[in-house]
Amino acid sequence: MYPKYPKFKQCPLCNKVWSTKDEFLNDRSIRLNGYQFSSRNKTDMKKGGYLLFTHRQKTCGTTMAVIAEAFKDCE
């Protein structure tokens, strides 16, 4: 059921896999809900928190967190 290639994110409810950041961001079933600060990284503030997304599919509807740093482009 799971693909044999690296994944950017997998929906914890329906197991939909997005293999890249661009694939995830371009999926029309994904909606950004907000941001959650992570208090665990008080000494390393540059890592920040999590962006919260809802997978708006008829059979899903779960909200998932993706670490904000995952959306930073490599320099």
Side-chain angles (χ1 to χ4, degrees):
M1 180 170 188
Y2 298 109
K4 295 180 181 179
Y5 51 85
K7 61 186 170 197
F8 172 75
K9 184 67 179 173
Q10 182 172 354
C11 180
L13 183 62
C14 72
N15 294 320
K16 161 83 173 152
V17 172
W18 296 271
S19 59
T20 66
K21 172 178 60 172
D22 289 335
E23 183 181 347
F24 183 81
L25 292 173
N26 289 320
D27 187 334
R28 293 180 153 218
S29 69
I30 295 295
R31 295 290 183 263
L32 176 63
N33 290 335
Y35 176 81
Q36 179 180 1
F37 177 73
S38 174
S39 60
R40 287 191 211 171
N41 294 326
K42 287 182 181 177
T43 58
D44 192 5
M45 299 296 243
K46 67 182 177 184
K47 290 195 177 184
Y50 297 89
L51 292 169
L52 304 173
F53 296 90
T54 298
H55 186 207
R56 297 178 57 170
Q57 285 290 334
K58 197 180 274 190
T59 58
C60 192
T62 195
T63 298
M64 55 193 140
V66 180
I67 192 161
E69 188 177 28
F71 295 99
K72 180 182 176 188
D73 289 334
C74 296
E75 295 176 16

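The analysis underlying the following values was restricted to heavy atoms, covering all of them including side chains, and did not include hydrogens, waters or symmetry mates.
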Applying side-chain contact (heavy atoms from CB on, under 4.5 Å), run through Cys11 and Thr62 and close with a yes or a no. CA-CA 8 Å; Cys11 180; Thr62 195; 3.2 Å; yes

To the nearest 0.5 Å, what is the distance between [atom1] on [X] and [atom2] on [Y]?
X	Y	atom1	atom2	value
Ile30	Gln57	CD1	CD	8.0 Å
Lys9	Leu25	NZ	CG	13.0 Å
Tyr50	Ile67	OH	CD1	4.5 Å

Mind checking whether Leu32 and Leu13 sit in one hydrophobic cluster, side chains of I, L, V, M, F, W, Y counted as touching below 4.5 Å?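 No, because Leu32 and Leu13 fall into different hydrophobic clusters, even though each may have its own neighbours under 4.5 Å.
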
Cluster overlap Phe37 with Met64, hydrophobic side-chain contacts below 4.5 Å: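 In one cluster with Phe37: Met64, yes.
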
With sequence neighbours excluded, tell me which residues meet side-chain contact (heavy atoms from CB on, under 4.5 Å) with [X].
X	result
Asn26	Asp22
Arg31	Arg56
Leu52	Asn33, Gln36, Thr63, Ala65

Checking Asp27 now: which residues fulfil side chain to side chain donor-acceptor pair (under 3.5 Å) with it, not counting sequence neighbours?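 Only Trp18, Ser29 meet the side chain to side chain donor-acceptor pair (under 3.5 Å) criterion with Asp27.
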
Under 6.0 Å between the ring centres of Phe8 and Phe53?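 Between Phe53 and Phe8, which both carry aromatic rings, the centre distance is not below 6.0 Å.
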
So do Cys60 and Lys16 actually touch side chain to side chain, heavy atoms under 4.5 Å?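 Not touching, per the 4.5 Å side-chain cut-off.
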
Please find the pair of heavy atoms, one from Lys21 and one from Ala70, that lie closest to each other, and give the distance.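 Smallest heavy-atom distance, with atoms named: CD-O, 3.6 Å.
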
Testing the basics here: between Glu23 and Val17, what is the closest heavy-atom pair and its distance to 0.1 Å?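 Nearest pair, atom of Glu23 first, then Val17: OE2-O, 3.9 Å.
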
